Asker: 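This structure is in structure tokens; I'll ask about it shortly.
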Amino acid sequence: MSAATLLPLLLCVAWLLPLVSFVVICVGYSLPQLAGRQVSYAASRWGGHIAISAIAGSFVLSWFALLFVWLPTHGYTAGDLAHTAGGLAQHNNPAPIYYAGDWYTLANFDGLRLTIGYYIDTLTLVMFAMVSLVSLLVHIYATGYMHDELDDVTDHEVAMSNGEYLHRRGRYHRFFQYLSLFSFSMLGLVIAGNLAMVFVFWELVGICSYFLIGFYFERPTASTAANKAFIVNRIGDFGFLVGLMALWSSLGTFHFGDTQAVDESRPGIFSQLRTAANDYALVVPESMQTEALRGSEGDGPRAGYWLLCVAGVGIFCGCIGKSAQFPLHVWLPDAMEGPTPVSALVHSATMVAAGVYLVGRAYPILTPEVLLVIAVVGCITLALAATIAMTAVDIKRVLAYSTISQLGYMMLSLGLGGWAAGLFHLITHAFFKGLLFMCSGSVIHAVHTNDIRLMGGLRHKMPITAYTMLVGCLAIIGAGIPMLSIGLSGYYSKDAIIEHAWSFTNSNPQWRYQLLLIVPLVGAVLTAFYMFRLWFMVFTGAPRDHHRYDHAHESPRSMTTPLIVLAILGVAIGWNFPFTDLSVTSLLEQATPIGTQATATGLLIADLTIPDEHLSHVDAIRIPAGLSAVAAALLGVLLAAAVYLWRWFDAEELKQAFRPAYSLLWHKWWFDEIYDWTLVKPTLFVGHVVAAFDRHVIDRAVHLLAALGRGLAAVVDRVFDKSLVDGSVDAMATGFWNFGKSLHHLQTGRLRSYIVFIVVGTLATFAVVSVLWKYAIAG
Amino acid sequence: MSPLLFLTVLIFLPTAVALVLTLVPGKGNDDGIRYATLATTIAVLLMTLAMAFGWTDVAFETGESSMQHLTSVPWIPTFRIDYLLGTDGISFPLIVLTTAISALAMAASWSITKHVKAYCILFLLLETGMLGVFLALDFFLFYVFWEVMLLPMYFLIGVWGGPRKEYAAIKFFLYTLLGSVLMLVAILMLYFASDLRTLDPSQLIATGVVSASLTEGDGAAAAEAILSAAEPQHTFNMLAMQQMGQAGLFSKSLQMWAFVLLFIGFAIKVPSVPLHTWLPDAHVEAPTPISMILAGVLLKMGGYGIIRICYPICPEGGYELAMAVCTIGVVSMVYGAFAALAQTDFKRMVAYSSVSHMGYVVLGLGVWSANWQTDYVTGYWKFGMNGAMFQMIAHGISSAGMFFMVGVIYDRVHHRNLNEFGGLFRKMPVYSGMAFGIFFAGLGLPALCGFIGEAFVLFGTWKYSITLAVIAAAVVILTAAYILWALQRVYLGADYRGPHAEGIAPITAREFSIAAPLLALAILFGVLPSLLLDYMAPSVNQTVDTLAEWTEANKPRPDSPAKAENKQADGSLATPDAQAVSLVPIGNEVSP
Amino acid sequence: MLLLANLLTEPVGAAHYMVVGAVLFVCGVVCMATKRNTLGILMGVELVLNGANVNLIALGSPYLRTDSAHLGLDGQLMAMFVIVLAAAEAAVALAIVLNFYNNAGTVDVDRADQLKG
């Protein structure tokens, strides 16, 4: 079997296995309930086993596909342009090696095809490997973390109306059911061969996130957070839809790659926008110009370019929602209401990274202007979230803001042209942020609180958690030794981002673009500060709450094993495979999007240059950028240590000194309140206005019409019916009455007079008849 | 079995059973009557399934775009009114939907305990009316069935409804009657403008004016008799009217008027804002099974009428008013969604969601994107129309399901106040899980049926109007908001906050067996839309292609060289004399 | 007068019987119209009926009607019928009279005016 048939098959099975698990658990465990019986906890435990087997199968298949199908077929050096110093391409790069095809068609009208299909390149494979690995680890971790659900649960966060705490049955299998569905959806999103399919799975991961955030649905905060997550995501999806419609109407396809076997005439989006004839540069195709002009006279290329920008920004809107970028970042911190394994898997490693993945996947569509938008949004997000993280006291919220901030870095990198750097950071981040969340889960599991002000000194009680978390912290701040180029995974990826920002500002010396370098550097300081603030507060110093401290204990093996695995990966995932050039970067670069290895300039913003990614690898940029990044991280760590470890400054005093700033950050820049007043309340208000309009205007108009009708009927009744029709009938009746009345005197009641009448009548009749006979009839 | 017999039995079997039921004593036989009615609805369902899957010789051919099993018997020959039946990809899925929803709704009717016999009889008459509307191809017959369906509905709401049932029933009846009166006016206008002599013999046979069952010689003679008549030969035959409308027999002003009148009639049924206020009241008051029928089938008749009658017969009116139609659709979507957001009555919320979802149907049908600006491409319009048709079926499934889900809980706690629920997921896990599935289908979640229709419509709209497409896309936010908010208030949370908490019990087997097929269909059509599209797409595409050809012939690019000639042609078509001139040669060909 | 003169000059035929019948009839009618006593009225009725009977017999007799237009047995049957009817009528009428007498204590028909409008 060739790779062309084997890869789709392997990944398809890897993708569908969790779906099978979902269906089995969903249906299988509902049957007893339908029969009125509860699912036993022994059976419930099997739900976990089913889900783990499924995801383990996916994991094996994904890694097999990557290591034993892809690498033997295509190797990895081909794409490893990163370190060939002089390898600045004079020409743009053609499409990377990929396999694209369709599994089945949803609809096909006049060659406009909506399909379920695949697009497989190394980005897909690396994402598959990462998602299935993290997912597997989270599944294993969850068997420990969710152990409470294998027995009746008393939820101390929910008080019932009778004053007692909620007492309910555990829902262990349901958790794994949702996890399986999520794994399926996430893998589907990654393998998707066209944008419409991405949208389908985009929504599905959203709904999984909804279920998982709302896992403790008895808690009002959880269900509200779930709603918030889904609805905020839908705002982004609205933009996504607009982008989809724009592309669809102008290019007539959603396919990324060319599936020529089926559709000769209509190549994929990438090939349409970047043709070989144009040296793979972004040129607006004829069909897009026609679509933009719609019969009116005008500058076709410019109008088409505008449309393309709209499409790009639209798709990015979806990414803003999914990846919790400013201004739609508000849902992610609330999403921490979900169980911690969910936060680790869905809300840090995979789903929220889907936005970054999509930007990376759709990269050839994006114009320099759109890229700038992406960079600016990423830049704002990373700064905003980092500042909020400095004051947050909920351990998971700190990590949530940290996630938002890191996603901002990725977006920034992609926006500045650092495609590989951004996606590399996605992969490394998935591991170390997953690790950090799981560590936080381990801590929460031990002390039963999220508030870091109630922790302290825990490293004595739970050393594995403490030191794996330290590894995670070091990885996220990008710790490493710049001169030797040795460091933890985050060191490589974050360094690459800073390098690229440096390269971008070199290409764009205008002062306004300098912020795109300064902000990430400041962000790096903040990152180091809040991460180590967290670590110092939780694990060092004296215990603040002795009761909790005394009851704390290291987590079970099922939880610590994933921590150790992830810690190792968090350290090493950035390294080359021993004695080779094989690394995540070299793999990713094998999927470098078509036509993106050349410097691009804007059309609408003429002074904007998106530099070739390789420009950032020159020593003149690498060395100062690397040094400044590490210096920034070091500064942040020292600041945190000064306040929280060595206590040179008192945190409370600092708080007082910077009260207005602190208050702003404590209230998360008032975003929730602002949205509540500017969006939620007005929307509800409009809803009430519309409902009232219905009742008081439309219905009243209908009632008025009805009343008019009845009024008219009443008038008709009175004037016409009563007087004319009834009048004449009545008059006739009265006439007959009176006539009969006058005749009643004849009714004497005397038999004899009647006989006389009869006789007289008979005679008269005879007389008349005989006369008539003679003159009228016979005559 | 001949198609005539088969289709007639299909339509009138419920009536026949209803007649038999009138003879059965009503007292003490409630269950027997219910089972008899259910058996009838299931028998009718099986008949339509037999057509769908080819278990009978009167089978539905999936690849065929034209009218199938066209069959006619003269009914009132004086006015050339025929008992003309037939089905194609547009009506057939709706017929199956009708029979399926009827069977499920009847199964859901066990909660009706008042006057069971009368209820069942009216229910069966209603089914006859609904099937007749979808099968009738003679305008007069269509109108008769339309009214036949109206009356049982009036009584079903007015007798078995909630506290304000009389108000709701009257409102429903008057609204719909207004619509059908306008429709009648339009029908008569078209009737008196129609002239069969303008068609050629093959068209006469294809449209069923001359029965295809006649031998060749008889058929030719019958056609000859029509074509050589001295006076205009009026007709109520919809298919013939379509041919005439597209051939330009009806003047522009006639088409505009007829289109507007018909559209108002159908828009009331859909219902579109601002003619929608009967719907929330009718739904709130109607008993659960009737709500299922109302939302699942009756609303679809509006959309069916638009695609079957408005557009093909009055293309000129449709072309000129397309923007208005689409705007009405989008306004309904937005308006319904906002109104749903503000409701506190569960059923009312679902009713407004119907207004919003049916807006997609109107929008999808209206997007006349095959115009000179787009170089007459038809693909996007096909997405719009197929999306609209798909949305009708999807909404039939999901809204019937939603109303049933509301009914299940209403039967237990006897109220529908959204703010007085909560915690049902904990107490009724299977029911709540299914409710989530069905409500998510309504929300338009991918892999469930609602998504396909909505997405297709949106993908079709942009090509026609960017503004409308963007507004329509924004509705997904509101939809998510009102559905999720309602779900949260009803199913999530720890405590049930309302009265009759003791009544809450897990879902029964009967309720499960009604909800399960709906949920299964929602998933099936969401994952494999081709199952449905195979049936409907050929006919829908045929409609689009025909209209696109018409557009290309009659609405050329303004600056094209053909402009001057076409202007003339347009002008000449407007005068009746010229029509006769231009149309007579067609008749002459067959009568030398 | 001329008619009567003719009768007297001709041989006895149907016309003569009819004169007798007419006399009987008129007597009966006058009796009915003038008597207040119910029984008297009944007698009048009998006279009327028998007047009619005479006519029927006469017109049915082949001896009296020389032409072929006689009624034949039909006339006599009809007469039999009237006789039976008269008997039945008399029985019913007498029962009514008896009842009326029981109720009103009189047989004066002028007193029977309860139904008067």
Side-chain angles (χ1 to χ4, degrees), chain A residues 26 30 33-34 36 104-107 109-112 114 155 158 160-161 166 168 196 199-201 203-204 207 210 214 217-220 222-224 226-227 230-231 234-235 237-238 241-242 244-246 248-249 252 290-291 294-295 683-684 686-692 694 698-699 702 706, chain B residues 171 174 274 277 280 335 338-343 372-375 377-380 382-383 386 423 425-426 429-430 433 440 445-447 451-452 455-456 458-459 461-463 469-470 473-474 476-478 480-481 484-485 488 491-495 497 506-507 512 528-530 533 537 541 557:
Chain A
C26 178
S30 297
Q33 284 185 321
L34 193 62
Y104 72 94
T105 305
L106 295 176
F109 303 128
D110 293 3
L112 298 172
L114 285 183
D155 193 334
V158 185
M160 307 285 286
S161 49
L166 171 76
R168 63 172 171 85
F199 184 78
V200 165
F201 287 96
E203 294 280 306
L204 285 181
I207 210 70
Y210 169 86
F217 61 79
E218 290 91 349
R219 303 178 186 169
S223 58
T224 307
N227 276 3
F230 196 80
I231 293 167
R234 273 258 161 147
I235 297 175
D237 292 348
F238 156 59
L241 266 175
V242 170
L244 284 183
M245 292 189 290
W248 173 246
S249 300
T290 336
E291 164 61 21
R294 303 217 170 185
T683 306
L684 282 177
V686 172
H688 284 286
V689 167
V690 165
D694 231 37
I698 298 186
D699 259 8
V702 172
Chain B
K171 203 170 176 182
L174 289 184
T277 57
Y335 190 99
F338 267 118
L341 205 53
Q343 300 307 319
W372 63 267
Q373 286 99 329
T374 61
D375 215 13
V377 293
T378 53
Y380 296 95
K382 284 178 183 168
F383 264 94
N386 278 296
F425 211 126
R426 224 158 65 73
V430 178
F440 281 149
L445 193 72
F451 171 74
I452 302 286
F456 280 19
L458 288 181
F459 290 157
T461 306
W462 179 281
K463 198 80 181 175
V470 170
V476 298
I477 305 170
L478 293 172
L484 290 186
W485 195 30
Q488 182 190 15
Y491 297 106
L492 306 183
D495 258 341
R497 296 184 296 275
I507 189 168
F512 177 81
L528 294 169
S530 52
L533 288 172
N541 291 346
R557 179 178 278 273

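Since we're looking at a predicted model, the values are computed, not measured. Lettering follows sequence order; numbering is per chain, from 1.
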Asker: Which answer fits B:Tyr335, side chain, backbone, both or neither, if we ask what part of it has an atom under 4.5 Å from a heavy atom of chain A?
Answerer: both

Asker: Any idea which of A:Phe217, A:Phe199, A:Phe201 has the most non-hydrogen atom pairs under 4.5 angstrom with chain B?
Answerer: A:Phe217

Asker: Heavy-atom pairs under 4.5 Å with chain A are the metric here; pick the option from B:Leu341, B:Thr461, B:Leu484 that has the most.
Answerer: B:Leu484

Asker: List the atom of B:Phe383, the atom of A:Leu114, and the distance in Å for their closest heavy-atom pair.
Answerer: CE2-CD1, 3.6 Å

Asker: Given a strict heavy-atom distance threshold of 4.5 Å, which part of A:Val200 is in contact with chain B: side chain, backbone, both, or neither?
Answerer: both

Asker: Mind checking the CD1-OG1 spacing from B:Ile477 to A:Thr683? Nearest 0.5 Å is all I need.
Answerer: 9.0 Å

Asker: Taking every non-hydrogen pair under 4.5 Å, which of B:Asn541, B:Val377, B:Asn386 racks up the most with chain A?
Answerer: B:Asn386

Asker: So what's closer than 4.5 Å to chain A heavy atoms on B:Asp375: side chain, backbone, both or neither?
Answerer: neither

Asker: Should A:Leu684 and B:Trp485 be marked as a side-chain contact (heavy atoms from CB on, under 4.5 Å) after you check the CA-CA gap, both sets of side-chain angles, and the distance that decides it?
Answerer: CA-CA 12 Å; A:Leu684 282 177; B:Trp485 195 30; 3.9 Å; yes

Asker: Quick check: closest heavy atoms across B:Gln343 and A:Ala691, and the distance to 0.1 Å?
Answerer: NE2-CB, 3.6 Å

Asker: Would you mind checking which part of B:Pro274 comes under 4.5 Å of any heavy atom in chain A, side chain (CB onward), backbone (N, CA, C, O), both or neither?
Answerer: both

Asker: Sort B:Ser530 into side chain, backbone, both or neither according to what part of it lies under 4.5 angstrom from a heavy atom of chain A.
Answerer: both

Asker: Can you tell me which portion of A:Leu34 sits under 4.5 Å from chain B's heavy atoms? Options are side chain, backbone, both or neither.
Answerer: both

Asker: Checking heavy atoms, do the side chain of B:Leu458, its backbone, both or neither come under 4.5 Å from chain A?
Answerer: both

Asker: With a 4.5 angstrom heavy-atom cut-off, could you sort out which part of A:Leu112 is near chain B: side chain, backbone, both or neither?
Answerer: both

Asker: Which of the residues B:Ala447, B:Pro506, B:Ala481 is involved in the greatest number of heavy-atom pairs with chain A at under 4.5 angstrom?
Answerer: B:Ala481

Asker: Of the backbone (N, CA, C, O) and the side chain (C-beta and beyond), which part of B:Phe451 lies under 4.5 Å from a heavy atom of chain A, both, or neither?
Answerer: side chain

Asker: Pick whichever of A:Ser30, A:Ala107, A:Cys26 has the most heavy-atom pairs under 4.5 Å with chain B.
Answerer: A:Ala107

Asker: If you round to the nearest 0.5 Å, how far is CZ of B:Arg426 from CD of A:Glu218?
Answerer: 6.0 Å

Asker: Heavy-atom pairs under 4.5 Å with chain B: which of A:Val158, A:Leu166, A:Asp694, A:Val702 has the most?
Answerer: A:Asp694

Asker: What part of A:Val686 gets within 4.5 angstrom of chain B, counting heavy atoms only: side chain, backbone, both, or neither?
Answerer: both

Asker: Please state whether the side chain, the backbone, both or neither of B:Trp372 comes within less than 4.5 Å of a heavy atom of chain A.
Answerer: side chain

Asker: If I compare all heavy atoms of A:Gln33 with all of B:Val430, which pair ends up nearest, and what's the gap?
Answerer: CB-CG2, 3.6 Å

Asker: What are the two closest non-hydrogen atoms of B:Ala473 and A:Val242, and how far apart are they?
Answerer: CB-CG2, 4.5 Å

Asker: Check each atom of A:Arg219 against the heavy atoms of chain B and say whether the ones under 4.5 Å are side chain, backbone, both or neither.
Answerer: neither

Asker: List for me each residue that meets salt bridge (Lys or Arg N to Asp or Glu O under 4.0 Å) alongside A:Glu203, sequence neighbours excluded, and say none if there are none.
Answerer: A:Arg234

Asker: Nearest 0.5 Å, please: how far is CH2 in A:Trp248 from NZ in B:Lys463?
Answerer: 11.0 Å

Asker: Using non-hydrogen atoms only, which part of A:Ile235 is less than 4.5 Å away from chain B: side chain, backbone, both, or neither?
Answerer: both

Asker: Do A:Leu244 and B:Trp462 pass the side-chain contact (heavy atoms from CB on, under 4.5 Å) test, and can you show the C-alpha distance, the side-chain angles, and the key distance before you say yes or no?
Answerer: CA-CA 10 Å; A:Leu244 284 183; B:Trp462 179 281; over 6 Å; no

Asker: Name the region of A:Ala246, side chain, backbone, both or neither, that has any atom closer than 4.5 Å to a heavy atom of chain B.
Answerer: both

Asker: Side chain, backbone, both or neither: which part of A:Tyr104 has an atom under 4.5 Å from a heavy atom of chain B?
Answerer: side chain

Asker: Do B:Leu445 and A:Tyr210 touch side chain to side chain, with heavy atoms closer than 4.5 Å?
Answerer: no

Asker: Rounded to the nearest 0.5 Å, what separates atom CD in B:Gln373 from atom CD in A:Glu291?
Answerer: 11.0 Å

Asker: What distance separates A:Thr105 OG1 from B:Leu533 CG, expressed to the nearest 0.5 Å?
Answerer: 11.0 Å

Asker: Using heavy-atom distances under 4.5 Å, tell me whether A:Thr224 contacts chain B through its side chain, its backbone, both, or neither.
Answerer: both

Asker: Taking side chain as everything from C-beta outward and backbone as N, CA, C, O, which of these in B:Leu478 sits under 4.5 Å from a heavy atom of chain A? Side chain, backbone, both or neither.
Answerer: side chain

Asker: Go through B:Gly493, B:Gly379, B:Ala537 and name the one with the most non-hydrogen pairs under 4.5 angstrom from chain A.
Answerer: B:Gly493

Asker: For A:Ser223, give me all partners under side-chain hydrogen bond (donor to acceptor under 3.5 Å, both in side chains), at least two apart in sequence or on another chain.
Answerer: B:Gln488

